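Whatever order the structure lists ligands and atoms in, that order sets their numbers, starting from 1. Owing to the predicted nature of the structure, the values given are computational and were not obtained by experimental measurement.
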Amino acid sequence: MLGRIYDAIDKRLTIKKTIRDQLNHPVLEHVNPLKHPRAFVYCFGGITAFIIVLMFLTGLFMLVYYIPSPDHAYDSVQYIMNNVTMGWLVQGIHFWGATAVVVMIVLHMLRVYFHGAYKNPRELNWVVGILLLLIVLGFSFTGYLLPWTQRSYWATSVGTSMISLVPFVGDYLLKLVRGGAEIGAPTLLRFFAIHIGFLPLMLVLLLGAHFFIVRRQGISRPF
Ligand code: HEM
């Protein structure tokens, strides 16, 4: 029954062929770790993407319990860690994944840099990569406040206060980011909205562009 529905859809949209064409894409020898032991450096981008998928999934599960208000944020995270089934694992993956993703991006960038893969014709993908890096750092910065601990409160206090040093518009920008003069409920809600709304949307769009360009241009040749 399901097979017939699938066949009927496939007849109209040729999904099977599209997927087969994508999977049949040949992997060049110099990026295949089974053929070249040092080719594992080409996996750093893929590992980054894998961790990002994990961050999306674990983040989605935590959204079920997390409450973005100063009265409940800390307790809701404690609840996830101590009371929710497997909550400690989901929260742990999200917490350690945040560090791992930055480490993997840096390794990926070093790989691209030392192979000279940022050069013509891949400059645009380097620029897209820099934007991706900024977005991931944005995730780290906004996510740090969400558990609403002393540490996250003061880290965000110091981090945001630097904005006031921007000439002329510094104080205005500081208020815009904090949602007021001090860090409080509006800051938490603002950071939450950026963390789960704006940044994921931009990340997905830019990742789509990044992968599209990699596929179009093919991976760079060996030295
Ligand atoms: C969210 C972060 C990122 C993800 C998930 C990601 C993923 C990938 C993947 C899977 C590839 C193809 C395989 C590989 O070379 O590893 C790739 C290629 C590439 N990436 Fe990234 N990347 C990210 C960030 C960056 C950053 C920060 C830069 C540089 C500033 C960058 C620049 C490039 C370039 C230039 C290529 C083409 C390399 C070549 O053809 O040899 N990427 N990326």
Side-chain angles (χ1 to χ4, degrees), residues 18-63 90-146 155-156 159 162 191-223:
T18 315
I19 294 177
R20 206 181 314 117
D21 287 351
Q22 289 299 316
L23 293 181
N24 280 343
H25 189 82
V27 176
L28 297 179
E29 266 197 26
H30 74 286
V31 303
N32 185 347
L34 296 175
K35 295 199 172 136
H36 286 277
R38 269 179 293 150
F40 73 89
V41 293
Y42 286 92
C43 297
F44 295 151
I47 296 173
T48 311
F50 175 70
I51 301 173
I52 288 175
V53 172
L54 283 184
M55 298 301 276
F56 265 91
L57 291 178
T58 51
L60 269 180
F61 278 114
M62 289 202 291
L63 263 186
V90 171
Q91 195 275 340
I93 291 174
H94 204 78
F95 179 85
W96 289 106
T99 304
V101 80
V102 175
V103 172
M104 289 319 300
I105 287 192
V106 171
L107 290 177
H108 173 56
M109 274 179 83
L110 289 174
R111 198 291 286 168
V112 170
Y113 178 76
F114 283 114
H115 282 169
Y118 56 86
K119 291 180 192 170
N120 189 347
R122 297 186 175 77
E123 316 91 318
L124 180 62
N125 222 12
W126 176 266
V127 174
V128 172
I130 293 290
L131 294 176
L132 280 168
L133 175 68
L134 293 177
I135 287 174
V136 167
L137 294 178
F139 268 112
S140 304
F141 188 61
T142 50
Y144 206 80
L145 180 68
L146 302 186
T156 308
M162 284 183 239
F191 274 43
F192 177 70
I194 295 171
H195 193 80
I196 67 139
F198 291 92
L199 291 178
L201 183 66
M202 281 174 9
L203 185 74
V204 167
L205 292 177
L206 284 169
L207 270 183
H210 201 61
F211 294 153
F212 175 77
I213 297 175
V214 171
R215 254 305 161 83
R216 259 295 153 91
Q217 299 184 323
I219 212 78
S220 58
R221 307 285 132 173
F223 289 117

Enquirer: Relative to atom 21 (Fe) of ligand 1, which of the N, O or S atoms in H108 is the closest?
Expert: NE2

Enquirer: Give a yes or no on whether the ring-centroid distance for F191 and Y144 is below 6.0 angstrom.
Expert: no

Enquirer: With backbone taken as N, CA, C and O and side chain as the heavy atoms from C-beta onward, which portion of V31 lies under 4.0 Å from ligand 1: side chain, backbone, both, or neither?
Expert: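 For V31, no heavy atom sits under 4.0 Å from ligand 1.
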
Enquirer: Who's the nearest protein heavy-atom neighbour of atom 41 (O) of ligand 1, and how far?
Expert: S220 OG, 2.5 Å

Enquirer: Tell me, which protein residue and heavy-atom name are nearest atom 28 (C) of ligand 1, and how many Å apart are they?
Expert: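 Nearest protein contact, heavy atoms only, for atom 28 (C) of ligand 1 is G129 CA, 3.4 Å.
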
Enquirer: Which distance, rounded to the nearest 0.5 Å, do you find between the CD of Q91 and the OG1 of T58?
Expert: 9.5 Å

Enquirer: Please classify the V128 to ligand 1 contact at 4.0 Å (heavy-atom distances, strictly less than): side chain, backbone, both or neither.
Expert: neither

Enquirer: Which residue and non-hydrogen atom of the protein lie closest to atom 35 (C) of ligand 1, and at what distance in Å?
Expert: V112 CG1, 3.5 Å

Enquirer: Output the list of atoms in ligand 1 that are nearer than 4.0 Å to some heavy atom of G46, sorted by atom number.
Expert: 10 (C)

Enquirer: Does OH belonging to Y118 count more than 12 external heavy atoms closer than 6.0 Å?
Expert: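 Buried by this count: over 12 neighbours within 6.0 Å.
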
Enquirer: If you measure from each non-hydrogen atom of I130 to ligand 1, which part falls under 4.0 Å: side chain, backbone, both or neither?
Expert: both

Enquirer: What residue and atom, counting heavy atoms only, is the protein's closest point to atom 1 (C) of ligand 1, and at what distance?
Expert: I52 CD1, 3.4 Å

Enquirer: Out of curiosity, L63 CG to F192 CZ, how far, rounded to the nearest 0.5 Å?
Expert: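 L63 CG to F192 CZ: 5.0 Å, rounded to 0.5 Å.
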
Enquirer: Go through the steps to decide whether M109 and W126 satisfy the test side chain to side chain contact (heavy atoms under 4.5 Å, CB included), and finish with yes or no.
Expert: CA-CA 9 Å; M109 274 179 83; W126 176 266; 4.1 Å; yes

Enquirer: Of I130, L201, L199, which is the lone residue that meets side chain to side chain contact (heavy atoms under 4.5 Å, CB included) with I135?
Expert: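 Going through the options one by one, the only one that passes is L199.
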
Enquirer: Is G45 in polar range of ligand 1, meaning some N or O pair under 3.5 Å apart?
Expert: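 Between G45 and ligand 1, an N or O pair is found under 3.5 Å apart.
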
Enquirer: Test side chain to side chain contact (heavy atoms under 4.5 Å, CB included) on L110 and F44 and set out the steps.
Expert: CA-CA 10 Å; L110 289 174; F44 295 151; over 6 Å; no

Enquirer: What residue and heavy atom of the protein are closest to atom 29 (C) of ligand 1, and at what distance?
Expert: W126 CE3, 3.4 Å

Enquirer: Could you list which atoms of ligand 1 come closer than 4.0 Å to a heavy atom of V214?
Expert: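 Answer for ligand 1: 12 (C), 17 (C), 18 (C).
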
Enquirer: Please state whether the rings of H30 and Y42 are parallel, tilted or perpendicular, taking 30° and 60° as the class boundaries.
Expert: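 Perpendicular, since the angle between the ring planes exceeds 60°.
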
Enquirer: Let's go through V101 and F139 carefully: what are the C-alpha distance in whole Å and the side-chain angles of both, what is the deciding distance for side chain to side chain contact (heavy atoms under 4.5 Å, CB included) to 0.1 Å, and is it a yes or a no?
Expert: CA-CA 11 Å; V101 80; F139 268 112; over 6 Å; no

Enquirer: For Y118, is at least one N or O under 3.5 Å away from an N or O on ligand 1?
Expert: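 Such a contact does not occur with ligand 1.
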
Enquirer: Of the non-hydrogen atoms in M55 and A98, which two are nearest, and what is the gap between them?
Expert: CE-N, 3.5 Å

Enquirer: Might you point out which heavy atoms bring T142 and G138 nearest each other, and give the distance in Å?
Expert: OG1-O, 2.8 Å

Enquirer: If you count the atoms of ligand 1 from 1 in the order shown, which ones are under 4.0 Å from a heavy atom of A117?
Expert: 35 (C), 38 (C), 39 (C), 41 (O)

Enquirer: Using a 4.0 Å cut-off to any heavy atom of M109, which atoms of ligand 1 qualify?
Expert: 26 (C), 27 (C), 28 (C), 29 (C), 30 (C)

Enquirer: Taking only heavy atoms of A49 into account, list the atoms of ligand 1 that are under 4.0 Å away from them.
Expert: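 The list of qualifying atoms is 5 (C).
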
Enquirer: Relative to the heavy atoms of Y42, which atoms of ligand 1 are at a distance of less than 4.0 Å?
Expert: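 The atoms of ligand 1 under 4.0 Å from a heavy atom of Y42 are 13 (C), 14 (C), 16 (O).
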
Enquirer: For R221 and L28, what are the C-alpha separation, side-chain angles and deciding distance, and is it a side chain to side chain contact (heavy atoms under 4.5 Å, CB included)?
Expert: CA-CA 9 Å; R221 307 285 132 173; L28 297 179; 3.7 Å; yes

Enquirer: Could you identify the single nearest non-hydrogen protein atom to atom 33 (C) of ligand 1 and state the distance to 0.1 Å?
Expert: H210 CE1, 3.4 Å

Enquirer: Provide the closest heavy-atom pair for R111 versus V41 in the form atom of the first, atom of the second, distance.
Expert: CG-O, 3.2 Å

Enquirer: If the contact criterion is a heavy-atom separation under 4.0 Å, does Y113 count as touching ligand 1?
Expert: no

Enquirer: Of all the non-hydrogen atoms in the protein, which one sits nearest to atom 15 (O) of ligand 1, and at what distance?
Expert: R111 NH2, 2.4 Å

Enquirer: Can you pull out the closest protein heavy atom to atom 37 (C) of ligand 1? Residue, atom name and distance to 0.1 Å, please.
Expert: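 Among all protein heavy atoms, the one nearest atom 37 (C) of ligand 1 is R122 CD, 4.0 Å.
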
